[in-house]
Amino acid sequence: MDILEGLNDAQKSAVETTSGPLLILAGAGSGKTKTLTHRIGHLIAKQGVWPNEILAVTFTNKAAREMRDRLSSLLGQSNDRRFMNWMGTFHGICVKLLKIDGEAIGIARNFVIYDEDDRLGLIKKAMKTLSVSDKQVKPRAVSAVISKAKNDLLRPDEFTETANYPFQKTVAEIYVEYEREKQQAGALDFDDLLVETLRLLKERPKIRAKWRTQFKHILIDEYQDTNTAQYRIIKYMVNEKRNICVVGDDWQSIYSWRGADFTNILNFERDFEGAKVIKLEQNYRSTGAILDAAHQVITKNNNRTDKKLWTNAIGGSPVEVHQTHDEIEESRLVAGRIASQITLRTRKPSDFAVLYRTNAQSYTLERAFLQERVPYQIVGGVRFYDRKEIKDVISYLRLIHQPSDIMSFSRIANIPSRGVGVVSVEKFLAWRSQKGIDIVEALERCRESGIATRAVNSLQQVGIVLREAAKMVEQQKSPSEVIEYIIDTVQYKEYLQDGTPQADERLENIGALISDAALFTGLAEFLDEVALMSSVDLNTKNDAVTLMTLHAAKGLEFPAVFMVGLEEGILPHSRVYDGAPDDLEEERRLCYVGMTRAREELHISYSTSRLQFGTRNYNMPSRFLEDMGHNVSYIDSYAKQQDSSFDEAVMPFDINDRVRSPQFGVGEVVDVDGMAVTVQFDRGGTRKLDIENAQLALC
DNA sequence: CGGTTGCACTTTTTT
DNA sequence: AGTGCAACCG
């Protein structure tokens, strides 16, 4: 086995530089993942480093999974769950560390992880407790300020000291109350995972020493997107040998709004003196035309490193820019173009991605794809684990795992409806906190509380169910069995059957959740996975066009990419107009990231008008279009090409449809090809027919 | 207590 | 335009 095979000189050098600090500046499409994978493979196979001695941080769970897969096949290893235990996202790794050592700083082993919704709910609760009106102070704004404070490593007391303005003082109060409530619930929010890990390493030198000894090699991917807490964690983890390798590209830093600070990558050489720097500048992904246009855009930024990506694949078809009248036409243009390429069989659906700035833009695109009958999938948007029915079931599970989890309880107290209203819930919670017992015990004993009889009976039932389920967990029953027990006992499926059109889909989702859960041995593992699962981590359909935001597209590539909504106010987004110039530069990087996802074909579109918040706006073409230069070809307005028969020209039949032909009788559609269908007739025989000539009709 | 209706607000991006 | 939340009524 030759681990260096198929690598260029710079990549080889990166793989073989295994001691001391190493900075890999990897441009878009320069084989970064491959280099990292081979570097880890080299450490394990050639230098006898034990997989558990390598700490490898990726940006998403999906990236970790991919790397684990590639690594195990490179090493000829079987890919079991425990292989490369310390490869994952910062958040995932922090959860593991806190599960093992968190008790040393007072973190319960069975902590639950609060997502954005839980955090918002808890903030609202805290505001209610403090009688702060959510009319004057918006919970979302409070959430953002608290998150920012945490990222700046300001604890509630420290934040209170720095608070000057009335708003900040109010937020400070809410922050204190929020932290208190969260602590009582035995929960940590996303930011806590990082901040508390940092505190653990800071306050417990022995524990810090243990991990520093264990991790002989540290690798960090997407280093330009690390925030302060993550940076400090890394600093603690690196030992005297300083075997740290970071990979990144300041041109692709698009998460500063989340606290990411790309000066971390610019300062690496200062932080780790004597660091070796390797630049990966050969692009293996895109054609010259695409790369040139992208380069023209990114070089208009001032605050950046200087580099020049190059490719052997010079030329290629020029980037096409399309103008449309409105967003519906734009969506039809995209879906239509894709549909015809699929019909011509020059490409398959999974070759395409459609990228947009905001999730709201996906709506009209979806409709166009449905109309064109092109299979598509949306990455992000409403995540599977964000669906109501899934959250309900997860809330039961969380409450079993952490009987103090007040947010989960509040969610399911009256789901399915069992006559427990807001008033009863409030009374119950007040009583239980005065008693100082956990929620499950309180449910069992709620007869003592003096709440209305109907509510008491229901609550007691819930208590019994939770207690039984907890016993199952103790007996090492699979999470899927626990879920089935709960939904059967509380009759959750019956609750979902409310006669709405979505009922079936919801039942299916529950089924999918149960099969997911069956893959896990313990409830805790399942809950952690669910909490940290991101929108881009989900399993993808095999053959469908991918629709997603520019942010979600980071790290991916597609033969053909459509970027839509290249308008002032969309990309760049209007929110950056009154912000710092840095924000505009980040929008430009976002544009660059989108363009460099394309391998062979890049289409960009903008619309003269667009419906936003229910009103029609007329936006100027994006300034980034002007930056792209002359390797771009402007296509005539789509409206001119579009004829009135557009709607009628849509293939009205689908596979499995029953159709009637005046000539051949009734049959079933077995294949669709442009405006023709292949029909298997009941009386025997298969024919390919043009739908207009054959006068086919649905039956 | 629960369901329905009407209003207000939304949208930047997400671990 | 769609959704979530609040107030109101049964």
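Excluded from the calculations below are hydrogen atoms, water molecules and symmetry mates; all remaining heavy atoms, backbone and side chain alike, are included. Residue numbers begin at 1 in each chain, while the letters A, B, ... track the order of the sequences.
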When you measure from every atom of DNA chain C, which of residues 605-616 of chain A have a heavy atom less than 4.0 Å away? F613(A), G614(A)

How many whole angstroms separate atom [atom1] of [X] from atom [atom2] of [N]?
X	N	atom1	atom2	result
Y356(A)	dT11(B)	OH	P	15 Å
R65(A)	dT15(B)	CZ	P	13 Å
L556(A)	dT14(B)	CG	P	13 Å
E366(A)	dA1(C)	CD	P	18 Å
E222(A)	dT15(B)	CD	C1'	13 Å
L120(A)	dC5(C)	CG	C1'	13 Å
Q361(A)	dT10(B)	CD	P	18 Å
D118(A)	dT15(B)	CG	C1'	14 Å

Does NZ or CZ of K554(A) lie under 6.0 Å from the centre of the six-membered ring of F59(A), at an angle within 45° of the ring axis? yes

I'd like the C1' distance from dA6(C) over to dT11(B), given in whole Å. 22 Å

Could you label the plane-to-plane angle of the Y592(A) and W251(A) rings as parallel, tilted or perpendicular, counting under 30° as parallel and over 60° as perpendicular? perpendicular

Close side-chain approach of V530(A) to I394(A), heavy-atom, < 4.5 Å: yes

Nearest of [options] to any side-chain atom of [X]?
X	options	answer
K138(A)	dT10(B), dT15(B), dC1(B)	dT10(B)
K124(A)	dT13(B), dC5(C), dG4(C)	dC5(C)
A552(A)	dT14(B), dC1(B), dT15(B)	dT14(B)
N414(A)	dT13(B), dG4(C), dG2(B)	dG2(B)
F190(A)	dT14(B), dT15(B), dG4(C)	dT15(B)
H551(A)	dT13(B), dT15(B), dC1(B)	dT13(B)

So, is [X] near the phosphate of [N], with a side-chain N or O under 4.0 Å from OP1 or OP2?
X	N	answer
Y363(A)	dG2(C)	yes
T549(A)	dT14(B)	yes
R140(A)	dT11(B)	yes
N359(A)	dT13(B)	yes
K554(A)	dT14(B)	no
S424(A)	dC1(B)	yes

Pick the closest DNA chain B nucleotide for L590(A) and for A455(A) by heavy atoms, then say which residue is nearer the 5' end. A455(A)

Hey, which of D627(A), D583(A), D582(A) is the one that makes salt bridge (Lys or Arg N to Asp or Glu O under 4.0 Å) with R588(A)? D627(A)

For residues S458(A) and Q461(A), is any side-chain donor paired with an opposing acceptor at under 3.5 Å? no

Only pairs at least two apart or in different chains count here, so list each salt bridge (Lys or Arg N to Asp or Glu O under 4.0 Å) that has a residue in residues 604-615 of chain A. E330(A)-R610(A), E567(A)-R610(A)

Sugar-phosphate only, base, or nothing, as touched by V576(A) at under 4.0 Å among non-hydrogen atoms: nothing

Whether over 12 other heavy atoms sit under 6.0 Å from K388(A) NZ: no

Enter the distance from E525(A):CD to K96(A):NZ here, rounded to the nearest 0.5 Å. 10.0 Å

